[in-house]
Amino acid sequence: MSEDISIARFRESIQTGIPEKLPAPHVYDTNVNHAPKRKKILNAEEEKLALRNALRYFDPKHHEILLPEFKEELEKYGRIYMYRFMPEYKIKSRNIADYPANSQQAAGIMLMIQNNLDHAVAQHPHELITYGGNGAVFSNWAQYLLTMKYLSQMNDEQTLVMYSGHPMGLFPSHKKAPRCVVTNGMMIPNYSQPDDWEKFNALGVTQYGQMTAGSFMYIGPQGIVHGTTITVLNAFRKIKKEPTGNIFVTSGLGGMSGAQPKAGNIAGCITICAEMNPKAVHTRHSQGWVDVVIKNTTDLISRVQKAQEDKETISIAFEGNIVHVWEALYDADIHISIGSDQTSLHNPWAGGYYPVDLTFEESNEMMSNQPDDFKIEVQKSLRRHVDAINKHTEKGTYFFDYGNAFLLESSRADADIKGTDTEFRYPSYVQDIMGPMCFDYGFGPFRWVCASNDPEDLKKTDQIATQVLEQLSKEAPERIQQQMQDNIKWIKGAQENKLVVGSQARILYADAIGRIEIARAFNKAIEAGEIGPIVLGRDHHDVSGTDSPYRETSNIYDGSRFTADMAIQNVIGDSFRGATWVSIHNGGGVGWGEVMNGGFGMVIDGSKESEDKLESMLFWDVNNGIARRNWARNENAVFAIKRAMEINPALQVTIPHMVSDDLIDNN
């Protein structure tokens, strides 16, 4: 991609959409981190259908030229990305005023789309994949161009309807309706297996939006680093150890997992994070998100021993396989205090997990050309991986699943992962940490983006958020003081920790009261001209955004964790309470068909209308989830929903009656 162009040419390009004149053919850039070749899954007739589906975006006069090109892409990469139509301008978040728009809300959506595809943010930017190996914003570049054109034309009485990356069109609505409604992967349930995704994605008719990729709300690895920091801190608290001089072992340096070493540094421990992809290692090291890169276990052992002796806080990227790390540390008799894994095991057969003793290149070759053999190697590696972890946990290591389907896929591989009294030998981090300590109280990943793209605005919002939280903490109940203090410490150190990658964005864990008060303070600052417009949002990985039985709702024990009412109700409720855009996805961090998750974005501009919307929507967005967790008889959620009803008497929620265990057990 060339250097940036003038604002005038940028605006003209956005408004043009799919160009009438074909741009020059694309030259494949080997310096970019590309998605792995997808396995061949379409038969001959289905390949013809995929080509028809791709060509329908273009005037028939271009079909003869584009057909062989798209056919070659399908053969080479397993998908039709339409590389020729990648825009010439640099894709990045800009000042909201730079976007051609009749609606400021639409301009905010354009900003967030481009941030998701920024080369500094996206995992595979040329394939429109933000993170997770397959978390896509769009399936092809025609969809991107058409979407941006529609958004540039939209007024405040229209809504853009998005079907799995495809912009169906602008529909008449009204000013209080969302400006955009996004669905991703909404499959008929019987067609929601991994191979169904491969097939229908190759046909160009659906996509995997992950969580915040397809909903335009990803803010780079910062989006998860705060939650990871809280998780690491609370994991050490759980085992009653200080982070200093103690070891945290994990893997993955991609879009989401890349936050782990930075979080380890903030927490103050020694972090070892393995990654097979050299480009991912280079990206995180060059961004300062990991301190040291080591490529063999001998050097790793020496460096870790020195860090322990010196009580260093350091993050080490091991360029290689995580299984070798676990085994080498065991052989060297080095104690691991806490351990986890954040490889993309929701996508195990297409680049989400690399088998031990195969090189990165060998794995990529096998997964596309010998998919059945590759699956055997992955499952064999998972068994060995689990065996190594089990040896460490027998010596006192605290291991937890980090929401990447590690336990689930290991069990499917017949690894020694089954528990005696529980489903799995190890807990999900939500079961042990995030669920009872955060989600049940309503604390989750609230985030905002300064639409001016001005670092000074971000600094001011940090100060505003700090003041709000410090004031709220004075009156907060004792049982949520730990969460309040962790977040005050986080936001005070945000500038120093240099968390920004891409947009001028910030994240912190807040409950409904905190989110509303912070957003209200922002809105007043915008009205006063102190800062520019703000885009409010959150991760789907939140109190009520996601129904995921092995992650977000894994601490729901009334049997309803396999239902998805909460996520669907969340998006419906957000859409008529003031969200600028809403999204609902099948799939996410734990896999296609394993989770349903919803998100939103909201542009606030300093108006009374913005204040009304943020108060109504943010209150619902959090308390919907607390109400469900309360009904599941989660003690902390019962406390939280009762508190919410005291604050707002218009809220009336059914409170469960507790049943005596003795009564049930003895009858």
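Positions are given from 1 along the sequence. FYI, side chains are in, hydrogens and waters are out, and symmetry mates aren't considered; it's all heavy atoms of this structure.
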Taking the ring of F439 and the ring of Y441, is the distance between their centroids below 6.0 Å? no
When the ring centroid of H541 is compared with that of Y429, is the distance short of 6.0 Å? yes
Run the salt bridge (Lys or Arg N to Asp or Glu O under 4.0 Å) check on D457 and R506 step by step: do they pass? CA-CA 11 Å; D457 274 10; R506 187 67 74 223; over 6 Å; no
Would you please say whether a donor-acceptor pair under 3.5 Å links the side chains of E127 and H34? yes
All pairs passing salt bridge (charged side-chain N to carboxylate O under 4.0 Å, His left out) where residues 224-237 contributes a residue, at least two apart: R237-D486
Can you check salt bridge (Lys or Arg N to Asp or Glu O under 4.0 Å) on E470 and K492, steps first, answer last? CA-CA 11 Å; E470 287 180 333; K492 281 184 172 180; 2.8 Å; yes
What donor-acceptor contacts under 3.5 angstrom involve side-chain atoms of residues 493-502, with partners at least two apart or in another chain?
unit_1	atom_1	unit_2	atom_2	d
Q495	NE2	D462	OD2	2.8
N497	ND2	G493	O	2.9

Decide side chain to side chain contact (heavy atoms under 4.5 Å, CB included) for I247 and V304; before the verdict, give the C-alpha distance in whole Å, the side-chain angles of both, and the deciding distance to 0.1 Å. CA-CA 9 Å; I247 298 172; V304 169; 3.5 Å; yes
Working to the nearest 0.5 Å, report the span between OG of S251 and CE of M276. 11.0 Å
Answer yes if the side chains of S452 and N95 hold a donor-acceptor pair under 3.5 Å, and no otherwise. no
Taking the six-membered ring where the residue is Trp, are the ring centres of F522 and W448 under 6.0 Å apart? yes
Can you see whether D401 engages S428 through a side-chain donor-acceptor pair at a distance of less than 3.5 angstrom? no
Ignoring hydrogens and geometry beyond distance, is a side-chain donor-acceptor pair present between N33 and N277 at under 3.5 Å? yes
Give a yes or no on whether the ring-centroid distance for H226 and F446 is below 6.0 angstrom. no
Sub-6.0 Å ring centroid separation between H346 and W592: no
Compute the ring centroids of H385 and F406, then answer whether they are less than 6.0 Å apart. yes
For the residue pair F400 and Y426, is the inter-centroid distance of their aromatic rings smaller than 6.0 Å? no
Go through the structure and list residues passing salt bridge (charged side-chain N to carboxylate O under 4.0 Å, His left out) with R561, not counting sequence neighbours. E423
